[in-house]
2 protein chains.
Amino acid sequence: MPFRMTEMVGCEFPLFAFSHCRDVVAAVSRAGGFGVMGAVRFTPEQLETELRWIDDHIDGKPYGIDVLIPEVQAVERQVTADEVVSMIPSQYRDFTRQILRECGLAEDDATPFGGSQAPNTSLGQELLEVALNHPVKLMANALGTAPPMMIEAGKKHGVPVAALVGAKEHAMKQIEAGVDVIVAQGGEGGGHCGEVATVVLIPEVLQAIEQAGADIPVLAAGGIMNGRQMAGMMAMGAAGVWCGSVWLATTEAETHEVFREKMVAATSRDTIRSKHRTGKYSRQLRTGWHAMWEEAGLPALPMPLMMLLSEPALRAIDKAAVNGNPKAQELCSYFVGQGVGLVREVTSAGQVVQDFKEGFAAGYETLSEAIA
Amino acid sequence: MPFRMTEMVGCEFPLFAFSHCRDVVAAVSRAGGFGVMGAVRFTPEQLETELRWIDDHIDGKPYGIDVLIPEVQAVERQVTADEVVSMIPSQYRDFTRQILRECGLAEDDATPFGGSQAPNTSLGQELLEVALNHPVKLMANALGTAPPMMIEAGKKHGVPVAALVGAKEHAMKQIEAGVDVIVAQGGEGGGHCGEVATVVLIPEVLQAIEQAGADIPVLAAGGIMNGRQMAGMMAMGAAGVWCGSVWLATTEAETHEVFREKMVAATSRDTIRSKHRTGKYSRQLRTGWHAMWEEAGLPALPMPLMMLLSEPALRAIDKAAVNGNPKAQELCSYFVGQGVGLVREVTSAGQVVQDFKEGFAAGYETLSEAIA
């Protein structure tokens, strides 16, 4: 077991798969990688169900959990979900209704504008508590500095804590906070991201760790879709890779068929780094959704308001897209990185892990031949 | 001599150094890399002088030339330099004068707004003719598809033709045009660049070449500042790397001391992809120059107009910066990629090549240990 991450979390091959889908998590871990369950969309009860399913289907292999405990929100902790929803300006509600109407959908299809799901800081903690009753081997914080309660929970339960960063400065804060693993994600990656590209971010974060006199493994994220890239990142000093987009084009994923077809058709230039989904910059497949907001000249609302508005609408659009609605098919989108340009087919998550292993070996082989 | 580029251009180590400075070109080639002279700023007479100097100082090692023969310009071929200059709107001239005044500089310092240097398509050809009277081993076209005359000249003189691309679609055009080498530069790179990041662009271009049934080596560019990154790119399938920014922080470079200090201080987040220098998107160190244009609300003019306006002004600003003018020190900028965040000191170009070799070996070593 030569890999550093093998020692730390027990996986055979340091390929970390972030997914909102339990099937992907289990399939990746069974194949030798390390599945990480994105928990942010679940209630504590739902998460309990998902993790129990994973425990039953993962053949004893290790897996992790990803929660989101933001440092700063536009919304304070004590307000109710309805109060949050009432903070969305009527102009924005009206425009969202207009988008739905153009898809032939009624507002009812996206009620109550997500009101019941207003995220709060305590939700993240509750999800974490659920997770810690399962044999998780890693807990990650998706955005912002890992809070002290997370670091303490990690120590108490002997579970390493990982944190995602998009810039050297953020990595330095995480080192101070005491995280065990840094996931450095370049701006080409899907979901929330910064502007620094992976190929620069990885050595910059490694430099910062070295200068801080710390010894923390770094997982490379952002644009990584195959094993040759993984070999490349590890030659640069990464301890492994953390991938999200590549799993979206697998048969197990939560994505629907229309979106998967869009992934296969897309090039690397078909993504956009936009605030018009969550309220913070996140990279997504560029579709009519972004064009409509830009044409309307409505700047994105802060998180979580933008998300409360967009997520229910986009879910209704997804549903209509699957049912053959052409306008909805044009608008449907999802978080995905520039690596979408490398997707050529939809395959199984286990096969993706196998392809990564072969690509990794091929990358090493190429270097060996060059050196020989 | 195991490297593919060694066979093609005769260098020991496939590290390609793009530089406007003959000293860097000669030093890199002498150290085992491959210097490429950026010729675009020279007259044919000046270029002749530079190449003669290189021939005298390169110890018989190979080097190349980079010219710019744009496909499309805002200016037609037959107009005079003065006519081109007259196309610059007075509002833009006035604002440039205002910037100079704020630096305590007179307009005379930047006369005649570059009028005598209006680029034209024939200049690129003339520069190429000069170069072909020297023992150049590679000729590169910096922007757009390599024109037929360049491909023909390459065949006639037995000199491989390279072309820079920032997207898969551009690579496909270059393959059709018949180039021998593709330099795929990610959007994190300095100078003219696209939006696709290096880590995605390299496999995407390699895929496109494979799908076209072609067999063309790809050099990876954009963000590459050290040998570990080089090993990473080659594990991904690149035949070598093409670097620009890293040479700007060398003692031999054309950059001045104030800018080099800014490079050492900068992080990867201190660059900007802006049209406010050449008229096309190019990545530069973000300074007060960009802030002033943005605040003025003046969108960039097309190439070459923006360049004719900005270059003489920025040269005057550079001169003043070196002479201790604080406002000029704030405004001075240059083309540089996000990799600037990895620059920790100014060193010699030969030392940079040596460091690359060591980093390359270390990257390979890391992979070997992981595999073992």
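The figures here come from the full heavy-atom set of this structure, side chains too, leaving out hydrogens, waters and symmetry mates. Chain naming here is simple, since letters A, B, ... match the order of the sequence lines and numbering starts at 1 in each.
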**Asked** Among B:Val196, B:Thr198, B:Leu201, which residue forms the greatest number of heavy-atom pairs with chain A at distances under 4.5 Å?
**Response**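 Among B:Val196, B:Thr198, B:Leu201, the one with the most close pairs to chain A is B:Val196.
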**Request:** Quick one: which of B:Glu169, B:Met233, B:Met230, B:Lys168 has the most heavy-atom pairs under 4.5 Å with chain A, could you say?
**Result:**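 Winner by heavy-atom pair count: B:Glu169.
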**Message:** Tell me every residue that passes side chain to side chain contact (heavy atoms under 4.5 Å, CB included) with B:Ala362, counting only those two or more places apart in sequence or in another chain.
**Reply:**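 Per chain and number, B:Ala362 pairs via side chain to side chain contact (heavy atoms under 4.5 Å, CB included) with B:Arg228.
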**Close approach to chain B in residues 262-274 of chain A, criterion heavy atom under 4.5 Å** =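 Listed by number, the contacting residues are A:Thr267, A:Ser268, A:Arg269.
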**Message:** For the backbone of B:Ala197 and the side chain of A:Gln338, can you confirm whether one donor and one acceptor N or O come within less than 3.5 Å of each other?
**Reply:**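 Side chain of A:Gln338 to backbone of B:Ala197, a donor-acceptor pair under 3.5 Å: yes, one is there.
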**Request:** Would you confirm whether A:Gln229, through its side chain, and B:Val199, through its main-chain N or O, come within 3.5 Å as a donor-acceptor pair?
**Result:**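 Indeed, once roles are kept as given, a pair shorter than 3.5 Å links the two residues.
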**Item:** Part of A:Glu365 within contact of chain B (heavy atom distance under 4.5 Å)
**Value:**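 Interface part for A:Glu365: neither.
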**Request:** Could you tell me which portion of A:Ile224 (side chain, backbone, both or neither) has an atom closer than 4.5 angstrom to a non-hydrogen atom of chain B?
**Result:**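 Contact with chain B is through the side chain of A:Ile224 alone.
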**Request:** Identify which part of B:Glu204 has an atom lying under 4.5 Å from any heavy atom of chain A, answering side chain, backbone, both or neither.
**Result:**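 The answer is both parts of B:Glu204.
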**Prompt:** Looking at A:Ile202, A:Asn226, A:Leu367, which has the largest count of heavy-atom pairs under 4.5 Å with chain B?
**Reply:**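 Result: the option with the highest number of such pairs is A:Leu367.
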**Asked** Which residue out of A:Gly232, A:Ala235, A:Gly363 racks up the most heavy-atom pairs below 4.5 Å with chain B?
**Response**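 Between A:Gly232, A:Ala235, A:Gly363, the count favours A:Ala235.
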**Prompt:** Does atom OH of B:Tyr281 have more than 12 heavy-atom neighbours, drawn from other residues, nucleotides or ligands, at distances under 6.0 Å?
**Reply:**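 Atom OH in B:Tyr281 is not packed in, count stays at 12 or less.
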**Item:** Exceeds 12 heavy-atom contacts within 6.0 angstrom, atom CD of A:Gln211
**Value:**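 Yes, CD of A:Gln211 has more than 12 neighbouring heavy atoms, counting only those of other groups under 6.0 Å.
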